[in-house]
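Please read the structure below before turning to the comments.
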Amino acid sequence: MEWAARADHLRGIPRKLVIATIGSFAKTVASLINTTSVHNADTLLRLVRSRPQGIPLITVSNHMSTLDDPVMWGFKGFPIFDTNIARWVLAAQDICFKNPLYSYVFRTGKCIPITRGGGIYQEHMNEALERLNSGEWLHTFPEGKVYQDDEPIRRLKWGTASLIVRAPITPIVLPIIHHGFHEVMPEKYMFGRRPPLPLCNKKINMIIGDPIEFDLPAMSEMAIAQSRNDSFPTFGWPRTSNGLDEAAQRYLYTTISEKIRAAMEKLRCYGKSFLKS
């Protein structure tokens, strides 16, 4: 249903209706029935509203519940009803695209279906690249699944790193850590299942970091040098536009992912000390 994701689909009316409905839900859950506090919100707002024209934005965060997106954007002052600057998000195909109705709603809501375990060169990763090429905002959950235990950030999947490398214009990458969504929508609440509705009177906290800088030319050269004498089982990945073969890509994606993971873990530790104080 890529046609449903186009901005001009039915003159944009379905997108406006879906974004308005989802935005109202997010505002209700984040700001009315629960309390959300955000540290360094100005950085996110500035990059969403007024980053340089044509420069894409990738936000990355931990994943604590099925409500993380869109409720994490429902905090006070965030322009969640603006369809022009609303995020695109990579969404699990087996959860969000189960049937034609779900597919249509999530597509008009600017969601891109991703098959978990489908690899970095699966079909819709090219669509994500097209959104970045248009200078748009994309959100990803690079851990790859929901984790409700408050533990160190796990090894990240390579999908986000590959988008950073393959994007025609290097995106701004902004890390975000949140806490509390596991209480709003616990995975095992009644009979080992999620509650039918979000829970209330919970505290949600978001810590927004600063953009992560990547010297991609230098990192690419290092990846080429390190991969020359190593052999790995190959999956037939094509060379990137800057000539990286599969072995070099593996090194580069690992290096970028670890840098993102380290930034997220630093925010997580800061958030724990911040909450205690």
Side-chain angles (χ1 to χ4, degrees), residues 2 5-7 47-48 51-61 63 69 86-93 107 110-145 153 155-176 209 211-228 230 232-264:
E2 289 188 32
R6 293 199 297 263
L47 291 175
V48 167
R51 65 185 178 277
Q53 186 173 5
I55 302 298
L57 170 65
I58 294 180
T59 51
V60 295
S61 76
H63 203 4
D69 183 277
R87 91 290 170 265
W88 290 88
V89 62
L90 301 185
Q93 188 162 14
R107 271 309 204 165
K110 303 180 77 169
C111 297
I112 299 173
I114 291 295
T115 301
R116 289 182 289 189
I120 64 174
Y121 284 103
Q122 59 181 281
E123 176 187 0
H124 290 292
M125 288 292 279
N126 290 328
E127 180 182 348
L129 283 171
E130 290 175 7
R131 304 303 178 190
L132 295 175
N133 191 32
S134 300
E136 300 196 56
W137 168 27
L138 175 71
H139 184 73
T140 74
F141 298 100
E143 288 179 293
K145 62 177 292 186
I153 301 299
R155 185 183 72 84
L156 306 186
K157 305 297 184 182
W158 286 343
T160 301
S162 74
L163 292 174
I164 294 169
V165 173
R166 295 161 60 200
I169 300 174
T170 302
I172 299 170
V173 181
L174 186 71
I176 301 171
I212 306 171
E213 295 184 0
F214 298 98
D215 186 347
L216 290 183
M219 295 173 77
S220 297
E221 289 181 9
M222 183 172 292
I224 292 171
Q226 290 179 331
S227 64
R228 280 175 181 155
D230 292 326
F232 297 97
T234 60
F235 298 100
W237 291 358
R239 286 180 174 269
T240 61
S241 58
N242 57 351
L244 296 179
D245 62 14
E246 185 170 331
Q249 288 178 63
R250 286 170 176 262
Y251 270 105
L252 183 56
Y253 298 158
T254 299
T255 302
I256 291 174
S257 295
E258 177 54 29
K259 189 168 184 177
I260 296 172
R261 191 205 66 79
M264 293 173 66

What distance do Ile256 atom CD1 and Arg261 atom CZ have between them, rounded to the nearest 0.5 Å? 15.0 Å
Find out whether Tyr253 and Ile120 are in side-chain contact, i.e. whether some heavy atom of one side chain is under 4.5 Å from a heavy atom of the other. yes
Check the surroundings of atom CE in Met222: do more than 12 heavy atoms from other residues, nucleotides or ligands lie under 6.0 Å from it? no
Output for pair (Trp88 CH2, Ser134 OG), nearest 0.5 Å, gives 9.5 Å
Ser61: what forms a side chain to side chain donor-acceptor pair (under 3.5 Å) with it, not counting sequence neighbours? His139
Verify, without hydrogens or angle tests, whether Lys110 (side chain) and Ala5 (backbone) share a donor-acceptor contact under 3.5 angstrom. no
Backbone of Thr254 reached by a side-chain donor or acceptor of Ser257 within 3.5 Å: no
Student check: side-chain heavy atoms of Ile153 and Glu143 closer than 4.5 Å: yes
Should Pro175 and Ile260 count as side-chain neighbours, where that means a heavy-atom distance under 4.5 Å? no
Taking atom CE of Met219 and atom CG of Leu244, what is their separation to the nearest 0.5 Å? 11.5 Å
Does some side-chain heavy atom of Ile164 sit less than 4.5 Å from a side-chain heavy atom of Leu132? no
Thr59 and Thr140: CA distance, side-chain angles, deciding distance, side chain to side chain contact (heavy atoms under 4.5 Å, CB included) verdict: CA-CA 6 Å; Thr59 51; Thr140 74; over 6 Å; no
Would you check if the side chain of Gln249 reaches a backbone N or O of Trp237 as a donor-acceptor pair within less than 3.5 Å? no
Should Leu163 and Trp158 count as side-chain neighbours, where that means a heavy-atom distance under 4.5 Å? no
Determine, for Arg6 against Glu2, whether the closest basic-nitrogen to carboxylate-oxygen distance falls under 4.0 angstrom. no
Side-chain contact test, heavy atoms from C-beta onward, threshold under 4.5 Å: evaluate it for Leu174 versus Val60 and give yes or no. no
So which atom in Ile169 and which in Gly54 form the shortest heavy-atom distance, rounded to 0.1 Å? CD1-O, 3.5 Å
Could you check whether any side-chain heavy atom of Pro56 comes within less than 4.5 Å of a side-chain heavy atom of Ile172, counting everything from C-beta outward? no
Donor-acceptor contact present, side-chain Arg51 to main-chain Ile55, <3.5 Å: yes
Among residues at least two apart in sequence or on other chains, which ones pass ring pair (Phe, Tyr, Trp, His ring centres under 6.0 Å) with His63? Phe141
Give a yes or no answer on whether the side chain of Gln93 reaches the backbone of Pro113 with a donor-acceptor pair at less than 3.5 Å. no
So, using side chain to side chain donor-acceptor pair (under 3.5 Å) as the criterion, who are the partners of Arg131 when residues are at least two apart? Glu127
For the atom pair CE (Met264) and CG (Leu156), what is the distance rounded to the nearest 0.5 Å? 6.0 Å
Value rounded to 0.5 Å, distance of CZ in Arg87 from CG in Leu57: 12.5 Å
To the nearest 0.5 Å, what is the distance between OG (Ser227) and CG (Asp245)? 5.5 Å
Under 3.5 Å donor-acceptor, Gln122 side chain and Gly119 backbone: yes
Non-hydrogen side-chain atoms of Arg166 and Asn126 separated by less than 4.5 Å: yes
